[in-house]
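One structure below.
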Amino acid sequence: MRVPYITIDLEKIEQNARTIVELCRSHNIEVTGVTKGSGGNPDVARAMLRGGVTSIGESHLENIWRLKDADIDTTFMLLTVAPLSEVTEVIESVDVSLNSEIQVLKALSDVALQQAKVHNVVVMVDLGDLREGVWPDQLMDFVEEAAALPGINLKGIGTNLSCLGGVIPTTDNMNQLASYAVKIEKKFNIELEWVSGCNSSALKMIAAGEMPKRINHARIGEAILLGRETTHREVWPGTFQDAFQLHAEVVELKEKPSQPVGEQAEAAFGGKPDFEDVGTIDRAILNIGREDVDIQGLTPLDPTLKILGGSSDYVIVDVTAAKGGIEVGAELVFSLNYAALVAAMTSHYVEKCPLPNKNGETS
Ligand SMILES: *Cc1c(COP(=O)(O)O)cnc(C)c1O
């Protein structure tokens with residue numbers, strides 16, 4: 001195993017998925033497991049499916065292709081709105097896509113017809129987070145046009161919250177989405193299979209029994225991967241937070257001052273660094289950098305270690321208070337938040353190391 005590497009405990013991911021799926025199932029909510037935080041890792045997708053998710057959601061077609069190449073046989077959902085330039089690929093590879101542009105839907109419908117297919121679509125509604133989605137006052141007109149397209153099956157409507165704007169799900173906005181579903185079904189005499197209300201930010205609401213009954217589908221990534229709900233990043237009961245752990249190697253270890261010596265200007269990634277003067281410290285340089293990971297999202301497993309900063313190829317850690325055992329060649333281990341996980345799992349320079357389960361299998 002080359003260092004740096006990230007260990008993936010597949011049993012923990014499976015267990016996390018099972019906990020979330022059972023919670024959702026008890027409130028009649030079906031779960032799509034979202035693998036994008038793992039860079040579309042096939043072992044992770046399989047672990048989620050073993051844990052009971054009924055489909056896999058991905059933000060990149062490339063990841064869906066990788067999962068299919070790994071013989072994962074499930075329903076694939078594209079979570080980013082389909083780009084006009086890739087409608088053919090979407091029809092060929094994706095079972096359900098999220099959409100908010102009628103021009104794209106028309107193109108999808110045309111290609112679907114050419115391929116003698118019907119493409120499933122979830123129309124996204126923007127309830128205020130200001131990312132993707134049709135603004136509510138235009139929803140009825142949009143759905144009317146979409147429902148008339150012969151190559152399109154309107155599988156449902158959905159919304160995405162807690163992303164760009166940090167707007168959280170509430171009974172108000174979830175009731176709003178549910179009411180749109182009812183209105184659409186009545187007005188166009190169709191049945192919406194999915195009302196896809198939520199992601200990991202809705203777990204508290206679901207557990208409290210506050211989710212409107214009509215919301216019956218969730219797309220869950222972070223809570224399965226990292227065991228946290230996402231409104232306040234609270235640990236979710238019955239899940240593990242350490243399914244992923246990052247290992248990096250100490251390539252230099254020296255006693256040096258805590259403050260730079262000499263006239264200071266901008267650092268490698270801009271900004272003028274500001275270091276507290278605590279005298280001479282033991283500084284470890286790790287062979288991982290800002291091109292591989294979001295340093296702010298790393299937490300050393302040894303709480304006495306302190307991350308001082310990093311450049312593109314290095315992270316520098318104050319190891320003065322470490323209990324010992326740190327030397328050149330040693331590995332330091334970190335837990336990761338979502339931003340750090342996404343970066344590390346998509347970095348070519350970080351090896352991915354699935355841990356075998358009790359039977360010695362990795363997938
Ligand atoms: C990433 C994503 C999700 C998953 O969100 P989590 O907070 O990781 O559960 C759900 N829906 C869409 C549209 C997404 O892009």
Enumerate the residue pairs fulfilling salt bridge (Lys or Arg N to Asp or Glu O under 4.0 Å) with a member in [range], sequence neighbours excluded, ordered by first and then second residue.
| range | answer |
| --- | --- |
| residues 247-260 | E252-K256 |
| residues 153-176 | K155-E193 |
| residues 210-230 | E185-R214, E222-R233 |

Test of understanding: with side-chain hydrogen bond (donor to acceptor under 3.5 Å, both in side chains), list the residues that count as partners of [X], not counting sequence neighbours.
| X | value |
| --- | --- |
| T80 | none |
| D9 | none |
| N99 | S97 |

Run the side-chain donor-acceptor check on residues 307-326: report pairs under 3.5 Å with partners two or more places apart or on a different chain.
residue : atom : partner : partner atom : Å
D318    : OD1  : T320    : N            : 2.9
D318    : OD1  : T320    : OG1          : 2.5
T320    : OG1  : D282    : N            : 2.9

Handout entry: Any residue meeting side-chain contact (heavy atoms from CB on, under 4.5 Å) with V167, in chain and number order, not counting sequence neighbours
Key = D129, L161, N173
Would you be so kind as to tabulate the donor-acceptor pairs closer than 3.5 Å made by side chains of residues 174-181, with sequence neighbours excluded?
residue : atom : partner : partner atom : Å
N175    : ND2  : T171    : O            : 3.0
Q176    : NE2  : Y180    : OH           : 2.8
S179    : OG   : Q176    : O            : 2.7

Completion exercise
Residue pairs passing the side chain to side chain donor-acceptor pair (under 3.5 Å) test with at least one member in residues 285-310, sequence neighbours excluded, are D292-S347, D302-T304
Exercise for the section: Check the pair T32, I220 against side-chain contact (heavy atoms from CB on, under 4.5 Å), reporting the backbone distance first and the verdict last. Expected result: CA-CA 6 Å; T32 291; I220 308 277; over 6 Å; no
Problem - Any pair counted as ring-ring contact (aromatic ring centres under 6.0 Å, His included), so long as it reaches residues 198-236, sequence neighbours left out - result: W194-H217
Exercise for the section: Before accepting this row, confirm whether a basic side-chain N of the pair R50/E14 lies closer than 4.0 Å to the acidic partner's carboxylate O. Expected result: yes
Please output the side-chain donor-acceptor pairs of residues 267-280 that fall under 3.5 Å, not counting sequence neighbours, one pair per line with the distance.
residue : atom : partner : partner atom : Å
D277    : OD1  : S258    : OG           : 3.4
D277    : OD1  : G279    : N            : 3.1

Handout entry: T239 side chain to V235 backbone, donor-acceptor under 3.5 Å
Key = no
